[in-house]
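Presented below is the structure to which this report refers.
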2 protein chains.
Amino acid sequence: MNDVTIDAVDLDILQLLIEDANRSHKEIGQSVHLTGQAVGARVRKLQDIGVIEGYTVRWNPEKLGQAVQALVTVFLTSHTAHQRFRAFVDSSDEIVEAHRVSGEGCYWMRIRVGSPSALSAFLEQLLEFANYKVSLTIDQVK
Amino acid sequence: MNDVTIDAVDLDILQLLIEDANRSHKEIGQSVHLTGQAVGARVRKLQDIGVIEGYTVRWNPEKLGQAVQALVTVFLTSHTAHQRFRAFVDSSDEIVEAHRVSGEGCYWMRIRVGSPSALSAFLEQLLEFANYKVSLTIDQVK
DNA sequence: GGTGAAAACTAGTCGGC
DNA sequence: GCCGACTAGTTTTCACC
């Protein structure tokens, strides 16, 4: 079923789109020596097979007052807490990224809040199912 | 200097673009009760003041064989290692995200590699400037 | 799988409100 | 600050190779 082949040109196109998704197919075509239509066909292929999942904008949370970013290691306190924690992750706007991990803790997540007091309030909620370890981001290098 | 006001409509537009940046200004306008041109003007404003930093694609690393994702806490071993580490972060394709943190360790980063052996090779490189603690992602929940 | 030309649509610019 | 009309550029859809 999944015998669709991805060649080096496809990867070049993907890379160009990751850098700037607003590039036109024509412009991309000049970089990879193809016409705009051929680029369009390959982009559609990448979408169909799920390599490209969607288009989005890179935005700056700090400009919207979301100045505090923190990395949290989560230690769930009981087996039953798992489902409640997952529901919490889904409903929380503060959690921008969350992983089930092996290693230290049960989950790891990255959160965004407007202020230290908002962070405090967030951790208060989290305490209902879990213990945690927090690191604050001083500078996002990448 | 920065007295540009961002209202609720701007935030709605931003949210719609984050979900799908390929929506046309016209379509967005129907959601927020504006014409396409007015949406275009607001989007340009958001770009000019730096809230929108650029356009990109969401893509699936697993479909390209980047199956292993790991979260690494970095403990630099000397003061002089900082600059070398930063250069390493810039040049490494495996590192997809990196933060200078306060709390545990000096840096925190998320990496993507194709296989456990590639992870091992990566950590070998890292050992030249730093000690580390690794957690593997089992399931990215968010 | 790629190209070339026409059709449909989109974003940017203008004057006007 | 927003709207309507126009222009330029873009994506899409063909038939053809």
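No experiment lies behind these values; they were computed from the predicted model shown. Sequence lines set the chain letters: A, B, ... in the order given, protein chains first and strands last, and positions in each chain run from 1.
Residues of residues 7-20 of chain A that place a heavy atom closer than 4.0 Å to DNA chain C do not occur.
Side-chain atoms of A:Ser91 come within 3.5 Å of backbone atoms of A:Ala87 as a donor-acceptor pair (strictly under, hydrogens ignored).
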- What's the verdict on ring pair (Phe, Tyr, Trp, His ring centres under 6.0 Å) for B:Tyr132 and B:Tyr107, showing C-alpha distance, side-chain angles and the deciding distance? CA-CA 10 Å; B:Tyr132 53 78; B:Tyr107 287 89; over 10 Å; no
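Contact annotation: the side chain of B:Val72 approaches that of B:Leu126 to within less than 4.5 Å [non-hydrogen atoms, C-beta and beyond]. Side-chain contact between B:Val32 and B:Leu16: present, with at least one pair of heavy atoms (C-beta onward) separated by less than 4.5 Å.
We find that B:Arg42 and B:Asp7 are joined by a salt bridge, their nearest charged nitrogen and carboxylate oxygen being less than 4.0 Å apart. Here B:Glu97 pairs with A:Arg110 in a salt bridge; the nearest charged N to carboxylate O distance falls below 4.0 Å. Contact check on A:Glu104 versus A:Lys133 returns a salt bridge, with a Lys/Arg side-chain nitrogen under 4.0 Å from an Asp/Glu carboxylate oxygen.
Of the inter-residue distances, the one linking A:Asn131 atom CG with A:Thr73 atom OG1 reads 12.0 Å to the nearest 0.5 angstrom. In this structure, the separation between CG on B:Leu119 and CD on B:Glu94 is 9.5 Å, given to the nearest 0.5 Å.
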Would you tabulate the nitrogen or oxygen pairs shorter than 3.5 Å linking the protein to nucleotides 9-17 of chain D?
unit_1: D:dT11; atom_1: OP2; unit_2: A:His25; atom_2: N; d: 3.0

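Atom P of nucleotide C:dG12 and atom CG of B:Asp48 are separated by 11 Å, given to the nearest angstrom. Atoms CD1 (B:Ile28) and C1' (C:dC9) sit 15 Å apart, rounded to a whole Å.
Not one side-chain nitrogen or oxygen of A:Thr35 sits closer than 4.0 Å to the OP1 or OP2 atom of C:dG2.
More than 12 heavy atoms of other residues, nucleotides or ligands sit less than 6.0 Å from atom NZ of B:Lys45.
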With both pairing distances under 3.5 angstrom for Watson-Crick or G-U wobble, and | for a partner in another strand, the correct string for DNA chain D is |||||.||||.||||.|
